[in-house]
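Here is the naming used below: chain letters follow the sequence lines, and residue numbers restart at 1 for every chain.
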Amino acid sequence: MSLTHERSIALGFTPTDAVNDLAADRVVVISTGQLKVFKISDGTQVGSTASLGITGHTVTMLNAASALVCSFSQSSADLVEIPNGFRQTYTGGGFIGVAKAQQVTALDGVGYATSFTLGRLVRFDPTTFTYTETALIPAIGNSTATVITTIPGRLLVGTNRGELVELDQNLNCTASMSIVVGTSPDSFQHTTAGVSFLSPGTLSFLSYSDPFVIVSSAQGWLIKIHWPSKTVVDATMINGSGNLGVVLGPAASGTVITGHNQNISANVVAEIDVRPYPMELRDMVFTTSSGAITASGISGGRAWAAITSLNQLLVFTVVPQERTTKLAAIADPGYVPGRVIRLKDSGIGTAVVELDTAIGASPEALPVSTGANIIDIALYGEGLDEKASVSEYST
Amino acid sequence: MRISTQLAFTQANNIKGVVGDGNGNVYFCDGGGVLRHIDLDTGGVRLITSGLATNPTGICLVSPASALIGRNTTSVHLIELGSGFTQNYSGMDTAATTDRDQVHAGNPDTKIMLGASLSVNGRVIKFDANTFQGSNLAIGSIAALSSCVIVKPGSANFLVGWANGTITEIDANGTVVKTITLNVSKNIGTAPTLSVNSLALVNDTLLASTDNGVVFVYRYSSSTLLQRFLVSCSIAGRQRGGAQFTVLGNGIVGWMNNTTTNNVNALTVADTLPSGRIGQNMIYNYGLGAPVFFLGCDTGRRILWIAHNNRLVLLKFTSDSMTDVEALIQDPPGTAVDGRVIRLRDYEGLGSTVVTDQSIAAEATNIPARKGETYLEIILRGSGAERKWDWRRFNV
């Protein structure tokens, strides 16, 4: 993909968080005192500005009609009706873990936020309108939840000690891992006296691109985890000067939008393709002045990033890599299952893996870049009986 | 690459410059006006001289036997390293006071030093150790401060980074040989001004680190932008923003991501591939919670040094995780022919990645591979109807 700046929407406040509205093409943005909804295709505000009853730090959409806003400094949450701006404050919960974005999410219409209290989350039940701290979640234990998002059917919580905890809607742990960056195929580290280098530290942002979880940490790590096997497959140091790590928005087609979550001159909004190894920074756009990117995302064919100082929602046209499909089949002599590795070849020294997938015993249409020279490697059989076939073609 | 041992030296004063000669000698000056020598083979440290300027701007070698130290005035110390004999020379601007590498760059072969000027746009300072003359060089019409200088490898020329995002190659007289302006498209509105704060040129790959945390990778000969990626951006401006580079050997560069959070300070190592794609390899945590000011390497001895405040750490690194695996194309068997070798590291079940894509001649060719990994190797040769391929899988 590539990014082209389309417009900058003046927010009229300093954004603390923003999320995709469930309606395509709309983004919900909050400051510490207000909530607004913008249509990013034309930059217009949708509905009324909601005045928050709390100091808003993070927001999620509970459903198509309501947003939940939580606070780092108050044990209350605001439920805001979209788009009319009607707001109700509910008390009784807890402070969220960190004063930043991605501290609240929704699963099956129920809101879950990080909690400043060890081992707990805060839960908003829209049927009873109660905002309460949960019981101790053993899988989080003595850690503090510092980031939360959803993956299909599950909550995914990151902690201040580099742990990831997957929870079902009953808050039962269904998977977990302590991230050890040293297990990356290409990362090694030396432990100095008194310094644990094995953990990436406080987890800051999460993004899910099946089957990978992408994590940024306050120490500056950007980590790619093969979630089914809990394997760190890529880890690189991308930024760590601030306390928040780089922003990661929800992934779309293997792409996440990122930026420095600190107030620097000429910040960048960057697009990272998380599918190849190593992860590839595909495109970037420089901002005009200082400002921190507080939240980012992709919605309806557009990417967006909320930036402080400028107090804008930057909107970008996302131009996807033009792709088509090409049938792949492995025959020996009849069709057999196997593995297809598809390389994009722009000349010696340029080959990159576009696709590496298993296929069944029948032809399958697999995606491929258009206007490219392609090398397909088909592998089948195992051990000493493993065989390969190589074919080259242009698309 | 791994770090096998480390050795730390703590000084009474903050370190202000470190330089090595590539032959087992490292020299460093500190804020107390002291110049010391480390023998990398023994780890021994000796005092060369004291009583130097107490706030030096950096150090470089201008001959195998003499070092130049910026005095934070319009003069420099020239020091005979064996005896410590020191002579001061003037005639140039004050050098930039940034507490980092690449403020001064000396070429011991030509005995010329060029350095970044503290406050005069479009100028670099020069000291000629052949004639013992200090001077300033006006470089073209650049309306910005110079921010870093390195010797162009294998050349008498220098590469200068500027606070306006420009990189110039100049000869020792200041004549501009080549200019690269960092490609900051795309941008929103006015193009940003980035300061080039560290440079590395390895083979034909130029890496430029900037104050906003973006590293630019160019194929130098053609000025082609190959890649941009993000690193830390702890300090904006011409000071220490971005990463600091050192060249570890042929085709490899290393940099410190100057991260001040949670005691992480990451040394990243990258192979520069023919395509310019960077294969990063994060290897070391400095762990002192502040930017590393100085970073260098004695490639032959596989020793890195990093320095921060009053602490200098030597790191012995090994490449024991890599080994050569021979590639050879024969057609027919017994007859070596040339062709193309593509190697993929295979994370069975997790994907694969191209790690080698190169031409080889009609002979056995060693290509590094990582121990413990599984590779797929594809061979291509000929064209059209004569196109042929072969493959193999191997474990290292």
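- In this structure, B:F394 and B:Y375 have parallel ring planes: the angle between them is below the 30° cut-off, well short of the 60° mark.
- Looking at A:L355, there are no atoms closer than 4.5 Å to chain B (heavy atoms on both sides), in backbone or side chain.
- Contact of A:S389 with chain B is made through backbone and side chain together, with heavy-atom distances under 4.5 Å.
- If you measure heavy-atom distances from A:V268 to chain B, the contacts under 4.5 Å come from the side chain alone.
- Using a 4.0 Å cut-off between charged side-chain N and carboxylate O, A:R342 and A:E354 make no salt bridge.
- For A:L379, the part lying near chain B is the side chain, with the backbone staying farther off; criterion is any non-hydrogen pair under 4.5 Å.
- Looking at A:E386 and B:R393, their side chains come closer than 4.5 Å, going by heavy atoms from C-beta outward.
- Scored by the side-chain contact (heavy atoms from CB on, under 4.5 Å) test, B:R387 finds A:E392, B:L380 as partners (sequence neighbours excluded).
- With respect to chain B, the highest number of heavy-atom pairs below 4.5 Å among A:V390, A:V269, A:V353 belongs to A:V390.
- Taking every heavy atom of both residues into account, B:T193 and B:A163 meet most closely at CG2-O, 3.4 Å.
- Looking at A:L343, only its side chain comes within 4.5 Å of chain B, counting heavy atoms on both sides.
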